[in-house]
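Below is one structure, written out as structure tokens, with a few remarks after it.
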Amino acid sequence: MPLLKLNDDRLLPAFDEPLQEVSLDDWRANPQAHASATALVVSNDASLDDIEKDIDGFASIILNFPSFTDGRAYSQARLLRERIGYTGEIRARGDVLTDQIFFMSRCGIDAFEMDDILVMQDALRVFSFAYQVAADAVDPVWQRRGQCAAAA
Amino acid sequence: MYRYDEFDATLVKERVDQFRNQVERRLSGALTEEQFKPLRLMNGLYLQLHAYMLRVAIPYGSLSSKQMRKLAHIARNYDKGYGHFTTRQNLQFNWPALVDVPDILDELAEVEMHAIQTSGNCIRNVTSDQYGGAAADEVADPRPYGEMIRQWSTFHPEFSFLPRKFKIAITASDNDRAAVRVHDIGLRLHKNDVGKVGFEVIVGGGLGRTPYVGHTIRSFLPEENLLSYLEAVLRVYNLSGRRDNKYKARIKILLNAEGPEEFARLVEAEWAQIKDNGIDLLRAEISRIQNYFAPPPFEKLAVESVEMNEQRAVDGDFDRWLRVNTVAHKISGYAIVNVSLKAIGGIPGDITDAQMEAVADIAERYSHDEIRATHEQNLVLPHVKKGDLYIVYKRLKAACLDTANIGLVSDIIACPGLDYCALANTRSIPIAQRISERFANLGLQEELGELKIKISGCINACGHHHVGHIGILGVDKKGEEFYQVTLGGSGGADASIGEIAGRGLSSNEVVDAVEKLVAFYRHAKIPNERFLDTYRRIGAEPFKEALYAAA
């Protein structure tokens, strides 16, 4: 599956380096048997409570979008970044469409498995501003307003 | 009113550009209808029985004369000369051509309007008590909170693909005017023991196939924590709401499966973890938004207008209109005017381009340039001097907008039904028209008092029949239109879900049925008792007997 990665605010095609994947359930059942795994696959109905001790050492966490309308993994991505403090790659897998990349990247997802990687760079910059805080470094509009007022 | 700054304007413009590109791809065939559907739905564009329908957002129901004139312009130039106000304070155009929609959105953007999040499984356009900043009984102006929610929910990255649509409503008084107990989240503004403004948070109400009255999960939420608390509710819902069955995907199903106490515990636990994460607005930004809603320059007036009292003494129709369609204002010498979009025999919520222009002109001259849309499909002129009421009344009358029936039997909520809607089983509009004609006498209507009839053309309940004092639900029975009557519902502070009265009625029988119920109520009521109160006092049985007794 072709892969795009977010790199310095740019979307670039990436070589799909072979990952050794293990599901969260299998990992928890028998970590020794999966000692060489590099990517943890988390289903979108999995609870992330107590996942801190599981994620250590994984280069990638793969989140699932079984259909583009199923948005559970947006919350999972934010929890991984903002609550658990995971700093490795978070990869979106499944029904990943151009029009969702803006939202996904704001939630902390930084790699995208896509059928069509001829994605316009615009996908990241559909909107110049955001109204809310999320998992990215973007200052929400209301903070920028405060800065404008302070500078004036 | 709120005014866009460069940030708001840029975001709306960028949304139009994005959609223009998507429409071009659809028209060229690069996108199939199937691929285009989710994209158009995020911009309020539906494909109905006969044509596309564009749903324009009117955030918290508030609009200026300039905005109303733009809606008239669009109705005239891109549609068939009319629009339709909905139960969510939005305006629908029923006949736009797909190729014109980006231009329509550009026109709307010129006056700080859009169709963002008026459909799709996202946080929909927020609705509000329509008397914000005007009502004598309000705790605080609900509109700044509506604007905060509008901004926070717009293109929310985490909550744009929820299990199902999500509706938030705010009311500013104990007199619930926004049906907050039948929304996904209802917010009731009130003050705590020490006079601080905050919200009662009600979750899990809703209509549709499984109607529920919502549960209070927090009795007092300080205003400054509004957005982080909403985010906690939405996160619990996004992660745990059902996605296997669209009819069980609303938050009401999750709340009732978990139980209200457990659901509240989940939300509170989530909120405890995020309340200090910088989601909530800074005090300066809350003040900035509130300043946009500062009161207009009211004059110092006597409580009563001598002139108006003289006019009402000689013009009985004006007198009735005053009694029925105006409401107490918080400022001495002013009144709130309701403009009925329920002309006798008319289509509930419909308004022509000329009528929109008339309302815009009147509002500009006599109501500080402000207009409100209501969830009961009417309009409001919020700030009219009592001395101006007669001229306002006469100008409304010249535009056929003077029907004195607010809250009365012919002030009917009806969904578009099978005349427009691709989901409907039956027509709703003709039933509303015939009931309205049957009770055409305004004097009789006033005598009957508050009586809310609500009609839905299918089980999705867009006409709110579950909360009608008399509800009418259209069902298809082997290709024939049948109507089921429910009794005793209410969408107000005393919210309740109506009970089915008995077997379905044919289209011919249903208007007679309403008349029988009303006749029985007149017989059974005690003085000053509303239909709903009589029903609650004596119960369903006598009403059912009256309804189904052999003629």
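Computed over heavy atoms, backbone and side chain alike; hydrogens, waters and symmetry mates excluded. A, B, ... follow the sequence lines: proteins, then strands. Residue 1 opens every chain.
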Considering residues, nucleotides and ligands other than B/E34, do more than 12 of their heavy atoms fall under 6.0 Å from its CD? no
Quick check: are there more than 12 heavy atoms from other residues, nucleotides or ligands sitting under 6.0 Å from NZ of B/K248? no
Interface moiety of [X] toward chain A, non-hydrogen atoms closer than 4.5 Å:
{"X": "B/T154", "result": "both"}
{"X": "B/L227", "result": "neither"}
{"X": "B/Q35", "result": "neither"}
{"X": "B/Q151", "result": "both"}
{"X": "B/N121", "result": "neither"}
{"X": "B/R15", "result": "both"}
{"X": "B/I279", "result": "both"}
{"X": "B/R164", "result": "neither"}

Among residues 54-88 of chain A, which ones touch chain B with a heavy-atom distance under 4.5 Å? A/F68, A/T69, A/D70, A/G71, A/R72, A/Y74, A/S75, A/Q76, A/R78, A/L79, A/R83
Using only non-hydrogen atoms and a strict under-4.5 angstrom cutoff, which residues of residues 18-47 of chain A touch chain B?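 Within residues 18-47 of chain A, near chain B: nothing under 4.5 Å.
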Best-contacting candidate, [options], against chain A by heavy atom pairs under 4.5 angstrom:
{"options": "B/F159, B/W152, B/F155", "answer": "B/F155"}
{"options": "B/T10, B/L281, B/L234, B/L39", "answer": "B/L281"}
{"options": "B/P157, B/G278, B/A284", "answer": "B/P157"}

Most heavy-atom pairs under 4.5 angstrom with chain B, which of A/P140, A/S128, A/A134?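 Sorted descending by pairs with chain B, the first entry is A/S128.
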Please identify, among A/R106, A/Q100, A/Q132, the residue contributing the most non-hydrogen atom pairs under 4.5 Å to chain B.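 Top option by heavy-atom pairs under 4.5 Å: A/Q132.
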Calculate, to the nearest 0.5 Å, the distance between atoms [atom1] and [atom2] belonging to [X] and [Y] respectively.
{"X": "A/W142", "Y": "B/F7", "atom1": "CH2", "atom2": "CZ", "answer": "13.0 Å"}
{"X": "A/F127", "Y": "B/D17", "atom1": "CZ", "atom2": "CG", "answer": "10.0 Å"}
{"X": "B/D8", "Y": "A/F129", "atom1": "CG", "atom2": "CZ", "answer": "10.0 Å"}

Check the angle between the aromatic planes of A/F103 and B/F161 and answer parallel, tilted or perpendicular using the 30° and 60° thresholds.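 Judged by the thresholds at 30° and 60°, the geometry between A/F103 and B/F161 is perpendicular.
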B/E285 (side chain) donor-acceptor with A/R145 (main chain) under 3.5 angstrom: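 Looks like no, no N/O pair under 3.5 Å.
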Taking the side chain as everything from C-beta on, heavy atoms only, tell me whether A/D99 gets closer than 4.5 Å to B/M42.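 Of all side-chain heavy-atom pairs linking B/M42 with A/D99, none is under 4.5 Å.
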